[in-house]
There are 2 protein chains.
Amino acid sequence: MADTHAGIAGKLRARQAGEVETLDLENCPVRTVIGQIGGKWSPLVLQLLSERPYRFGELRRLVPDISQRMITQTLRDLERDGYVDRTVYPTKPPSVDYRLTDLGRSMFVSYSVLLEWAHANADAVKASRRRFDSEAA
Amino acid sequence: MADTHAGIAGKLRARQAGEVETLDLENCPVRTVIGQIGGKWSPLVLQLLSERPYRFGELRRLVPDISQRMITQTLRDLERDGYVDRTVYPTKPPSVDYRLTDLGRSMFVSYSVLLEWAHANADAVKASRRRFDSEAA
DNA sequence: CCGTATCCTGGTCGATACTG
DNA sequence: CAGTATCGACCAGGATACGG
């Protein structure tokens with residue numbers, strides 16, 4: 001079982017007892033998930049899509065300073081991981097919209113707990129950061 | 001107010017109503033927090049420290065394949081943000097231990113919700129990924 | 001035992017230009 | 001409108017060597 005984050009301390013004890021058990025960092029569930037949704041634009045896009053479906057152009061306009069390349073890539077990666085569903089309407093000109101899948105909504109419920117913590121405590125973190133940097137001299 | 005992730009849809013409505021309101025991506029609370037704890041080694045280290053304090057060498061041995069440079073840097077950054085407390089015992093040879101602060105424990109409570117989701121659903125994500133990649137042809 | 005300093009590489013992201 | 005293609009800058013992260 002390749003579960004790096006489950007019971008690491010248990011593995012330490014096992015190792016001290018003489019067993020040889022190795023953590024599998026290649027196949028780590030946490031990295032699989034966090035690696036994508038922790039990206040630069042993913043939280044922003046996910047938050048928007050958690051409210052309602054959006055069209056490509058809407059997302060692009062709503063997220064300032066995002067390049068066309070990055071909005072495309074972010075949406076493709078979220079679709080690839082099964083968080084987002086992409087629907088093409090073959091109108092002229094074409095129209096595409098994006099919405100969360102059930103998996104995406106399920107994930108975002110858990111993610112939003114952390115996101116809310118971030119909102120509530122970002123000032124404390126920034127304060128700690130300033131203090132640390134000034135003490136560095 | 002520089003709160004990128006709070007009420008973006010509200011800002012859309014405001015913009016559609018003719019107001020000019022810009023998102024501040026430089027000073028974004030989510031990036032401040034996620035940028036650090038979403039790093040490659042931070043989740044692993046935080047998970048370990050959530051169990052009990054650890055000494056530097058223990059952490060190094062517990063996290064396979066981490067370089068001395070990265071364990072040091074990860075711990076310093078977590079300390080800088082106020083999540084981790086570093087205690088030096090001036091013994092000979094010196095000994096240093098690391099433990100979560102109250103802020104760190106508070107953060108990890110929220111983080112662990114997402115971490116647990118990742119454990120439970122990583123297979124679904126990987127399956128979706130494989131499906132997407134094979135369809136790409 | 002617990003680090004710091006230096007160099008280097010691979011991947012991420014942005015800018016720009018072009019297409020169905 | 002909704003993308004793809006290409007190039008280059010930048011930086012997180014790894015290897016290695018040395019210091020308190």
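From a predicted model like this one, the values you see are computed outputs, not experimental measurements. So you know, we letter chains A, B, ... as the sequences are listed, proteins then strands, and number each from 1.
Nearest to the side chain of A:Phe56, among C:dG3, D:dG14, D:dG3, sits D:dG3. The side chain of A:Thr72 approaches D:dG3 more closely than any other nucleotide in the set C:dG14, D:dG14, D:dG3. Side-chain atoms of B:Arg55 lie closest to C:dC2 of the nucleotides C:dC2, C:dT4, D:dG14.
Checked by distance alone, B:Arg69 brings a side-chain donor or acceptor within 3.5 Å of a matching partner on the base of C:dT6.
Taking the nucleotide of DNA chain D with the nearest heavy atom to each of A:Leu75 and B:Gly39, the more 5' of the two is matched to A:Leu75. Each of A:Pro94 and B:Ile66 lies near DNA chain D, and the nucleotide nearest A:Pro94 is the one positioned closer to the 5' end.
Regarding A:Leu44, its CG atom lies at a distance of 13 Å from the P atom of C:dC13, rounded to whole Å. Between A:Met70 atom CE and D:dC7 atom C1' there is a gap of 16 Å when expressed in whole angstrom units. Spacing between atom OH of B:Tyr54 and atom C1' of C:dC1 amounts to 19 Å, rounded to whole angstrom units. Between the C1' atom of C:dT6 and the CD atom of B:Gln73 lies a distance of 14 Å, rounded to the nearest Å. Between the CD1 atom of B:Ile71 and the P atom of D:dA12 there is a distance of 18 Å, given to the nearest Å. To the nearest angstrom, P of C:dT12 lies 18 Å from CZ of A:Arg76. The distance from atom CD of B:Gln68 to atom P of D:dA17 is 14 Å, rounded to the nearest whole Å. As a whole-Å value, the separation of B:Leu59 CG from C:dC1 P is 14 Å.
Between A:Tyr98 and the phosphate of D:dG3, there is a side-chain N or O to OP1/OP2 separation shorter than 4.0 Å. For C:dC2, the OP1/OP2 oxygens have no side-chain nitrogen or oxygen of B:Arg86 closer than 4.0 Å. A sub-4.0 Å separation between OP1 or OP2 of C:dG20 and a side-chain N or O of A:Lys92 is absent.
Contact check on B:Arg99 versus B:Asp85 returns no salt bridge, with no Lys/Arg side-chain nitrogen under 4.0 Å from an Asp/Glu carboxylate oxygen. Here A:Asp133 does not pair with A:Arg130 in a salt bridge; the nearest charged N to carboxylate O distance is not below 4.0 Å.
Across every non-hydrogen atom of A:Tyr111 and A:Gly38, the tightest pair is OH-CA, 4.0 Å.
In this structure, A:Arg52 forms a cation-pi arrangement with A:Tyr54, its terminal cationic atom sitting closer than 6.0 Å to the ring centre and no more than 45° off the ring axis.
When heavy atoms are screened at a 4.0 angstrom cut-off, A:Arg60 is found touching no nucleic acid atom at all. Residue contacts for A:Ser95: at a heavy-atom cut-off of 4.0 Å it reaches the sugar-phosphate backbone alone, with no base atom in range.
Listed for the A:Ser128 side chain is a donor-acceptor partner under 3.5 Å among the backbone atoms of B:Gly82.
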